[in-house]
Amino acid sequence: MISVLLVAFCILAVPTAASSPEVETAIADGLNYLAAQQDDDAGIVEMNMLSSSISPTWFTVNAVVAAGENPLSGRWVKGDKTFLTYLLESDSQSDGTGEIAKWITYCAACGADPHSYGGYDAVAELKSKISTDGKGGQYVYTTYWTIFGLTAAGEDASAPLSWLLSQQLDNGGFGSYGKDYGDTGDADNTAAAIMAMTAAGMSFDDEPVKKAVSFLRSIQEDNGGYNYGYYSSANLASTVWVIQAFCAAGIDPSTVTKNGKSPVDFVLSLQKDDGSFKYTESLTDSPSGMTARAVAALCGNPYPILPGEKRFNIAGGK
């Protein structure tokens with residue numbers, strides 16, 4: 001087995017007393033579901049797939065760490081396999097900017113050094129993707145992933161932050177590609193931009209953060225959830241990113257309501273009896289990935305999620 005070199009770290013149990021019992025129960029049930037989906041190679045298996053894959057595993061690692069559990073011990077170890085050995089053995093290295101950043105955040109969440117884990121300096125590789133104007137990769141979405149990766153590795157993210165801010169739309173939102181592509185803004189990219197801004201050191205009171213928060217408030221659906229701009233129905237993936245963005249901005253997402261319903265209410269309504277979460281009110285899709293997304297958000301942790309980080313206690317729930 002490939003040896004694992006870890007930096008010293010400690011997973012801290014984080015108090016959760018302020019969160020509602022409904023939220024805490026949903027987190028616990030979601031984690032139990034994810035544990036049941038872990039394969040012998042330590043990766044996470046998605047519905048209708050024969051083997052594990054990196055995407056639901058990445059989200060699960062972040063959910064586990066957000067919940068205050070150690071991803072390298074206890075129920076998350078399969079024989080001599082851990083989430084970190086899975087990262088190497090899954091051959092998940094890629095030349096894509098976002099994928100490099102995800103590698104870094106995966107390592108950092110597990111307490112490994114992304115500058116050198118597995119003989120791969122993912123941080124240097126990510127830095128090589130940053131243009132002279134600060135853009136990470138080619139677009140808005142690759143730039144906020146660049147910020148997540150840099151900040152998770154303890155690196156300066158001021159250059160990509162500056163470029164990201166230059167792409168904020170007049171309505172306060174962000175799109176996937178940038179102003180030159182005619183973006184009108186959507187929940188997913190705006191929420192991610194808020195998380196990137198605060199991860200890079202911006203304050204809740206900074207005007208770009210406040211404008212982005214106002215945009216998110218303005219596009220909330222009648223059921224409390226959020227959609228991805230081009231789709232009419234609210235979905236879990238978009239809604240949980242918004243929950244995490246509100247937490248990053250110091251706002252309890254359970255207090256952001258429309259028709260008396262919050263994004264937290266919407267997410268809780270999607271949980272099934274087995275602990276998994278549906279994608280929409282009528283569609284089950286990628287339940288492992290959706291469940292991991294939901295758990296991380298209900299824990300109150302925006303990205304990038306690191307060991308021992310304080311949770312934003314979400315007080316709401318039905």
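Summarising the geometry of Leu34 relative to Thr291, their closest heavy-atom pair is CG-CG2, 4.0 Å, with the distance given to 0.1 Å. Closest non-hydrogen pair, Asp183 versus Gly178, comes out as OD2-N, 2.7 Å. For the residue pair Gly136 and Thr146, the shortest heavy atom distance occurs at CA-OG1, 3.5 Å. Annotation for Asp285 and Met290: closest pair O-CG, 3.3 Å, computed over non-hydrogen atoms. Taking every heavy atom of both residues into account, Cys110 and Val61 meet most closely at SG-CG1, 3.7 Å. Heavy atoms only, all atoms of each residue included: Gly111 and Pro307 are closest at N-CG, 4.3 Å.
Between Lys258 and Asp222 a salt bridge is recorded (basic side-chain N to carboxylate O distance below 4.0 Å). A salt bridge links Arg75 with Glu69; the closest basic N to acidic carboxylate O contact falls under 4.0 Å. Taking the charged nitrogens against the carboxylate oxygens, Glu99 and Lys129 have no contact shorter than 4.0 Å, which rules out a salt bridge.
Applying the ring-ring contact (aromatic ring centres under 6.0 Å, His included) test to every pair with at least one member in residues 190-215, sequence neighbours left out, gives no pairs at all.
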- prompt: Can Asp206 and Ser203 be said to form a side chain to side chain donor-acceptor pair (under 3.5 Å), step by step?
  reply: CA-CA 5 Å; Asp206 285 334; Ser203 164; 4.8 Å; no

message: Evaluate Leu150 against Asp156 for side chain to side chain contact (heavy atoms under 4.5 Å, CB included), listing each step before the verdict.
response: CA-CA 7 Å; Leu150 291 176; Asp156 177 48; over 6 Å; no

- request: Apply side chain to side chain donor-acceptor pair (under 3.5 Å) to Asn235 and Thr280, showing your working.
  value: CA-CA 5 Å; Asn235 68 80; Thr280 69; over 6 Å; no

message: Walk me through whether Glu281 and Lys272 qualify under salt bridge (charged side-chain N to carboxylate O under 4.0 Å, His left out).
response: CA-CA 11 Å; Glu281 292 172 333; Lys272 299 170 69 174; over 6 Å; no

message: For Ser176 and Tyr139: C-alpha separation, side-chain torsions, deciding distance, then whether side chain to side chain contact (heavy atoms under 4.5 Å, CB included) applies.
response: CA-CA 7 Å; Ser176 294; Tyr139 306 112; over 6 Å; no

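Contact of the Leu87 side chain with the Trp103 side chain is registered, since non-hydrogen atoms from C-beta on lie closer than 4.5 Å. Side-chain contact between Tyr177 and Gln167 is absent, with no heavy atoms from C-beta onward closer than 4.5 Å. Within the 4.5 Å cutoff, the side chain of Tyr228 has heavy atoms near those of the Asn189 side chain. For the pair Val209 and Asp205, the minimum side-chain heavy-atom distance is 4.5 Å or more. Put simply, the side chain of Asn301 reaches to within 4.5 Å of the side chain of Glu309, judged on heavy atoms. The side-chain heavy atoms of Leu298 and Phe277, taken from C-beta on, include a pair separated by under 4.5 Å. Annotation: side chain of Lys278 is not in contact with side chain of Leu236 (no heavy-atom distance under 4.5 Å). Looking at heavy atoms from C-beta onward, Asp252 lies in side-chain contact with Phe312 at the 4.5 angstrom threshold.
Atom SG of Cys299 and atom CD1 of Ile314 lie 8.0 Å apart (nearest 0.5 Å).
Under a hydrophobic clustering in which Ile, Leu, Val, Met, Phe, Trp and Tyr are joined whenever their side-chain heavy atoms come within less than 4.5 Å, directly or via other members, Leu169 and Met202 fall into different clusters.
Taking Lys127 as the reference, Glu155 meet the salt bridge (Lys or Arg N to Asp or Glu O under 4.0 Å) condition, with sequence neighbours excluded.
In this structure, the ring of Phe174 has its center no less than 6.0 angstrom from the ring center of Trp241.
Other residues, nucleotides and ligands contribute at most 12 non-hydrogen atoms within 6.0 Å of the CG atom of Asp170.
Ring pair Tyr303/Trp58 is tilted by interplanar angle, where 30° to 60° counts as tilted. Aromatic ring orientation, Tyr144 versus Phe148: tilted (interplanar angle from 30° to 60°).
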